[in-house]
Amino acid sequence: FVSVLIIAQNSFLFLVQIWSDKMKQFGGRLEDHLSHDVTHIFVLDMGKLQERVTLQKLKKYRLVMA
């Protein structure tokens, strides 16, 4: 089971839609905030990630940088 939080700028919304469709196709779930259910974080902008989540909290998650 994969639960994903996607953090991206508005200019990359087309990629968010593609990832969202793929996650749902394979039984994954998208989250709108960081929770204990999140297993992966997809990041398009590291600065946006650091605005929302402290680096200490990120140690337990798998990050996918694009």
Side-chain angles (χ1 to χ4, degrees):
F1 173 72
V2 175
S3 181
V4 177
L5 172 67
I6 298 176
I7 299 178
Q9 296 174 336
N10 289 340
S11 58
F12 292 105
L13 290 179
F14 68 97
L15 286 177
V16 172
Q17 186 61 47
I18 292 170
W19 286 347
S20 172
D21 292 344
K22 288 296 179 188
M23 286 293 114
K24 291 175 184 175
Q25 179 182 356
F26 293 107
R29 185 171 70 181
L30 289 181
E31 300 288 339
D32 58 357
H33 65 280
L34 188 61
S35 70
H36 294 291
D37 294 334
V38 172
T39 58
H40 293 70
I41 302 173
F42 289 2
V43 180
L44 291 171
D45 182 356
M46 194 63 173
K48 290 281 185 193
L49 174 65
Q50 290 176 335
E51 288 175 11
R52 293 182 61 179
V53 182
T54 65
L55 294 177
Q56 186 67 21
K57 286 185 178 180
L58 293 177
K59 289 184 179 180
K60 71 176 216 167
Y61 298 100
R62 292 185 184 193
L63 294 178
V64 177
M65 295 283 299

Colleague: Looking only at heavy atoms, which two atoms of L49 and V43 are closest? And how far apart?
Modeller: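 Looking at all heavy atoms of both residues, the closest pair is CD2-CG2, 3.8 Å.
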Colleague: Heavy atoms only: give me the nearest V38-H33 pair and the separation to one decimal.
Modeller: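 Answer, listing the atom of V38 first, then H33: CG2-O, 3.8 Å.
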Colleague: Quick one: does any side-chain atom of T39 pair with a main-chain N or O of S3 as donor and acceptor, under 3.5 Å?
Modeller: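 Answer holds: yes.
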Colleague: Listed by chain and number, what are the salt bridge (charged side-chain N to carboxylate O under 4.0 Å, His left out) partners of R29, not counting sequence neighbours?
Modeller: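 Residues passing salt bridge (charged side-chain N to carboxylate O under 4.0 Å, His left out) with R29: E31, D37.
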Colleague: Is there a continuous path of hydrophobic side-chain contacts, each under 4.5 Å between heavy atoms, that joins L44 to L13?
Modeller: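 L44 does not cluster with L13.
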Colleague: Looking at CZ of R52 and CD1 of I7, how far apart are the two atoms once the value is rounded to the nearest 0.5 Å?
Modeller: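 Taking CZ in R52 and CD1 in I7, the distance rounds to 4.5 Å.
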Colleague: Do we see a donor-acceptor contact under 3.5 Å between the side chains of D21 and Q25?
Modeller: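 No, because no side-chain N or O of D21 sits under 3.5 Å from a partner of the opposite role on Q25.
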Colleague: Among all residues two or more places apart in sequence or in another chain, which pass the side chain to side chain contact (heavy atoms under 4.5 Å, CB included) test with V16?
Modeller: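 Applying side chain to side chain contact (heavy atoms under 4.5 Å, CB included) to V16 gives I6, A8.
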Colleague: For F12 and F14, take the angle between the two ring planes, folded into 0 to 90°, and tell me which bin it lands in: parallel under 30, tilted 30 to 60, perpendicular over 60.
Modeller: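 Ring orientation of F12 relative to F14: tilted.
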Colleague: Just to verify, what does T54 make a side chain to side chain contact (heavy atoms under 4.5 Å, CB included) with, not counting sequence neighbours?
Modeller: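 Applying side chain to side chain contact (heavy atoms under 4.5 Å, CB included) to T54 gives Q56, K57.
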